[in-house]
Amino acid sequence: MADKGEPTWRVADEEDEDMEGTESEEEDEEDNDDDDDDDIMEENEGEEKKDDSPQRVYLPGVEPLHEGEELVMELDAYVLYHQAQTGSPCLSFDVIPDSLGADRADYPMSLFLCAGTQADSAQANRMLVMKMHNLHRTSKEKSESDSEGSESEDDEEEEEERKPQLELAMVPHYGGINRIRVSTLMDTPVAAVWSEKGQVEIYDLQKQLAAVSDSQMLAAFLKEEQTKIKPVFSFSGHMTEGFAMDWSPKIAGRLITGDCNKNIHLWNPREGGSWHVDQRPFTGHTKSVEDLQWSPTEATVFASCSVDASIRIWDVRAAPNKACMLTASAAHESDVNVISWNQHEPFIVSGGDDGVLKIWDLRQFQKGVSVARFKQHTAPITSVEWHPTDSGVFCRCWC
């Protein structure tokens, strides 16, 4: 969580630092006959000069990064920043909706997460349900006593009380988890899991959430229930693995899934906790479908992106072979990895292997030309998402 208007990154110039070190060494060699006091004074002056030099804030689109420069995270830009390790690599996670309120602002914070691992062996994988709590602000102002380096017993007790907490309920999962997405169906939190086994599975998360919310229930879960959790529904019709998946925000339980063999399938919920999956795939892409996004306003419309470099807009009211309404056939120079649909404006942001981010205005989508283009990265863009309430802000990740 970052304060608006505060810089999130700063630029560190490795070449400048190396040059300063070289110059200091040359000065030391020239002045090696001076007394030690003079040497110490010169070193202190050099340190003061380095400390006083202003940090440059990186502004995307204003100037490129030069050779030898790297982006350095500025922790003071974040109101709250915590991290945790999942053990095995984790490719995907999702936030589990809770009843604490979307606009909560009181600290300490709490949140629930669902994630999946990609371990070295298929048997070692886990689906993780986590509760992160006692999350205090990390960018608090330091008092005068703190700046002087003094420490009291009260300070130590306060630091102990402010330590973040993590409760974890793991479920064994055979096969690496490519992507995981969470939704709520009839007040029941459920997770859709795209597996490297070529299956999409639906899990009920009620027992895991109850376990991470109560220490006694967690102990019982780990002892008796952990290995008994099984998917409530599974679909193997894709015939190969995939990564693309999204729950509908307008129709509870409606899901779309896309695979590495260019096919997209529509899921509709049935009574009794089951789903009907249309065996007829949506056809149009010629290569792997990498990401899917439902429209936040229209219940029958979704977008897709693919390794074939295109972005497509679909309407599920039409037959699968005729459902594609709009296509940007050369949206990027290579694979389009990720897309995100703005919650409040008719915009989609996309990121590709070319390291480019593009903004698409759906009112002009048929022209096949983006309305904005950002090129700050040389590595593939792997994740992108619009801010849920601020239509002018999005975040992205890259390799």
Side-chain angles (χ1 to χ4, degrees), residues 91-92 116 175-181 183 185 190-203 231-270 274-296 298-332 334-341 348 350 352-353 360 362 365-366:
L91 190 63
S92 179
I177 295 175
N178 294 344
R179 188 159 294 177
I180 195 163
R181 290 290 179 263
S183 185
L185 182 61
V190 294
V193 176
W194 233 133
S195 168
E196 65 179 2
K197 298 181 300 182
Q199 294 181 340
V200 181
E201 301 157 322
I202 308 296
Y203 283 85
V232 297
F233 187 83
S234 180
F235 175 66
S236 303
H238 278 286
M239 306 301 291
T240 186
E241 70 175 325
F243 295 84
M245 178 166 57
D246 195 33
W247 291 102
S248 170
K250 306 298 289 184
I251 299 179
R254 175 174 279 186
L255 180 71
I256 42 172
T257 54
D259 60 39
C260 294
N261 196 30
K262 72 181 185 297
N263 293 321
I264 302 170
H265 287 274
L266 174 67
W267 301 45
N268 280 304
R270 286 175 168 173
S274 182
W275 277 262
H276 172 262
V277 185
D278 195 332
Q279 299 294 326
R280 302 170 300 165
F282 292 93
T283 55
H285 286 298
T286 58
K287 295 182 180 179
S288 173
V289 179
E290 297 295 278
D291 202 5
L292 293 164
Q293 283 271 293
W294 283 103
S295 165
E298 298 179 77
T300 62
V301 177
F302 70 88
S304 64
C305 65
S306 168
V307 171
D308 64 17
S310 73
I311 299 174
R312 295 173 182 264
I313 309 296
W314 311 75
D315 193 326
V316 301
R317 290 173 295 185
N321 61 341
K322 298 180 180 178
C324 184
M325 300 186 297
L326 300 169
T327 302
S329 57
H332 285 256
S334 56
D335 306 11
V336 187
N337 297 325
V338 285
I339 52 176
S340 180
W341 203 310
I348 286 178
S350 63
D353 268 2
W360 304 86
L362 294 174
F365 193 79
Q366 66 272 17

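Remember, predicted model here, so these are calculated numbers, not experimental data. Any value given below was found using the heavy atoms of this structure, including those in side chains, with hydrogens, waters and symmetry copies removed.
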Residues 245-260 vs salt bridge (charged side-chain N to carboxylate O under 4.0 Å, His left out), sequence neighbours excluded, gives none

*Determine whether the side chains of Glu201 and Ser234 contain a donor N or O and an acceptor N or O closer than 3.5 Å.*
no

Heavy atoms of Leu185 and Trp275 approach each other most closely as CD2-CZ2, 3.6 Å

Is it true that Ser295 and Trp341 share a donor-acceptor pair across their side chains at a distance under 3.5 Å? no

Just by distance, with hydrogens left out, do Ser288 and Glu290 show a side-chain donor and acceptor under 3.5 Å apart? yes

Report task. Kindly say whether the aromatic ring centers of Trp194 and Phe235 come within a distance under 6.0 Å. Result -> no

- Distance only, no hydrogens: is a donor on one side chain within 3.5 Å (strictly under) of an acceptor on the other, for Asn337 and Asp353? yes

**Request:** Indicate, with yes or no, if the rings of Phe282 and His265 have centres closer together than 6.0 Å.
**Result:** no

For residues 314-324, the salt bridge (charged side-chain N to carboxylate O under 4.0 Å, His left out) pairs (sequence neighbours left out) are Asp315-Arg317

Checklist entry - Does any donor atom in the side chain of Asp308 or His285 lie under 3.5 Å from an acceptor atom in the other side chain? => result yes

- Item | CA sep, side-chain torsions, deciding dist, call: Leu266, Val277, side-chain contact (heavy atoms from CB on, under 4.5 Å) | CA-CA 6 Å; Leu266 174 67; Val277 185; over 6 Å; no

Give a yes-or-no answer on whether the side chains of Thr327 and Arg312 include a donor-acceptor pair shorter than 3.5 Å. yes

Residue set satisfying ring-ring contact (aromatic ring centres under 6.0 Å, His included) with Trp360, at least two apart, ordered chain then number -> Phe365

Of Ile180, Ile202, Asn178, Val200, the one forming a side chain to side chain contact (heavy atoms under 4.5 Å, CB included) with Val193 is Ile180

Considering only heavy atoms from C-beta outward, does the side chain of Ser306 approach that of Lys262 to under 4.5 Å?
no

